[in-house]
Protein chains: 2
Amino acid sequence: MSTETVDAFQALADRGRREILMMVAKEKRSINAIAENFDISRPAVSKHIKILQNAGFINIEEKGRERYCVLNQDGFSEVQQWINLFEEYWTAQFRSLENYLATNVPPPKK
Amino acid sequence: MSTETVDAFQALADRGRREILMMVAKEKRSINAIAENFDISRPAVSKHIKILQNAGFINIEEKGRERYCVLNQDGFSEVQQWINLFEEYWTAQFRSLENYLATNVPPPKK
DNA sequence: TTTATATGTAACTTTTTTGTTACGCATTTT
DNA sequence: AAAATGCGTAACAAAAAAGTTACATATAAA
């Protein structure tokens, strides 16, 4: 795992990482607590978490020898913003459908 | 490229594929027209497009020997829905911040 | 009917990702 | 202080993804 990924979409490409985010959304969890819920080894989970952290999806709260993961909105916003770039396209599509219906389909008689 | 990917997030993991979507959002394009805008070979682009199609991001309109790519909302919706799963988390976060401010920070004197 | 164009696909090679084990280093616990 | 716990990281191995070239096929143009 090239743990230095910073790309939000690449970070989400892995099913396991998405599951980690779901888990952490339910409640703050330590790295080991997360690893217990997966089949893969703890070091592997550790790397996934680093990737998620670098991509801005989670923050780490250090507490003694434990490190708790909490969600970070940054990564989510980045994805959301990208999705929003297409907003214009869909509304244009919708308007052209609307227009088509208005000119080609007779209105329902009440 | 294991062209059979169906996972929306995996489909978006590749920068080039995201760029293809942006291009197609601007205007309907044939496979070759898309390939001309990339450094990679046409067959590589062809595979990317198949992946995007399988993941529900684009539809193909066949027209003679050409194949035009147009956006398909399905893939985008899938991503959007996943992002929305975390809605609850952020509103809870917000409410707890609100609550903190209300109980710990004095109101500004007008 | 030749020739050119648009595209798909198979067979590989190269790069990236993902995962593992082994080990090190703090911080708790006993 | 000694043992146990929580975690990071280096050094691989295995698997998946991405790209290439070579070739096949169908449609359009000459």
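A note on names: the letters A, B, ... follow the listed sequences, proteins ahead of strands, and every chain is numbered from 1.
- In this structure, L71(A) and Q93(B) have side chains that are not in contact, with every pair of non-hydrogen atoms separated by 4.5 Å or more.
- Computed from coordinates, the E61(B) CD to dT7(C) C1' distance equals 17 Å when rounded to whole Å.
- Annotation: the span from E87(B) atom CD to F76(A) atom CZ amounts to 11.5 Å, rounded to 0.5 Å.
- Evaluation of the salt bridge (Lys or Arg N to Asp or Glu O under 4.0 Å) rule for E98(A) yields no partner, not counting sequence neighbours.
- Side-chain contact between V45(A) and N37(A): absent, with no pair of heavy atoms (C-beta onward) separated by less than 4.5 Å.
- Applying the side chain to side chain donor-acceptor pair (under 3.5 Å) rule to N59(B) yields the partners N72(B); only residues at least two apart in sequence or on another chain are considered.
- Here dG19(D) presents its P atom at 9 Å from CD1 of I20(B), a figure rounded to the nearest Å.
- When all heavy atoms are compared, the tightest approach of Q10(B) to R17(B) is O-NH2, 3.2 Å.
- Listed by chain and number, the residues in a side chain to side chain donor-acceptor pair (under 3.5 Å) with Q80(A) are N84(A), Q80(B) (sequence neighbours excluded).
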Interface polar pairs with nucleotides 27-30 of chain D, N/O, under 3.5 angstrom:
from, atom 1, to, atom 2, distance (Å)
dT27(D), O2, R65(B), NH1, 3.0
dA28(D), O4', R65(B), NH1, 3.4

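- Rounding to whole angstrom units, CZ of residue R15(B) and C1' of dT16(C) are separated by 15 Å.
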What pairs of donor and acceptor atoms, side-chain ones from residues 18-28 of chain B against any protein atom, are under 3.5 angstrom apart with sequence neighbours left out?
from, atom 1, to, atom 2, distance (Å)
R18(B), NH1, L12(B), O, 2.6
R18(B), NH2, D7(A), OD2, 2.8
K28(B), NZ, E61(B), OE1, 3.1

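- In this structure, CD of E62(A) is placed 14 Å from C1' of dC25(C), rounded to the nearest angstrom.
- Between the OH atom of Y68(A) and the P atom of dC7(D) there is a distance of 8 Å, given to the nearest Å.
- Near-neighbour residues of DNA chain D inside residues 28-47 of chain A, defined by a heavy atom below 4.0 Å, number-ordered: S30(A), I31(A), N32(A), R42(A), P43(A), S46(A), K47(A).
- Taking atom CZ of residue R17(B) and atom P of nucleotide dT16(C), one finds them 15 Å apart after rounding to whole Å.
- Whole-Å rounding puts the I49(B) CD1 to dT7(C) C1' distance at 10 Å.
- Phosphate proximity of dG19(C) to H48(A): present, with a side-chain N or O under 4.0 Å from OP1 or OP2.
- Taking side-chain N and O atoms only, Q10(A) has a distance below 4.0 Å to OP1 or OP2 of dT17(C).
- Atom CZ of F9(A) is separated from atom P of dA17(D) by 18 Å (rounded to the nearest Å).
- One distance of note links NE2 of H48(B) with CD1 of I40(B); it measures 4.0 Å at 0.5 Å rounding.
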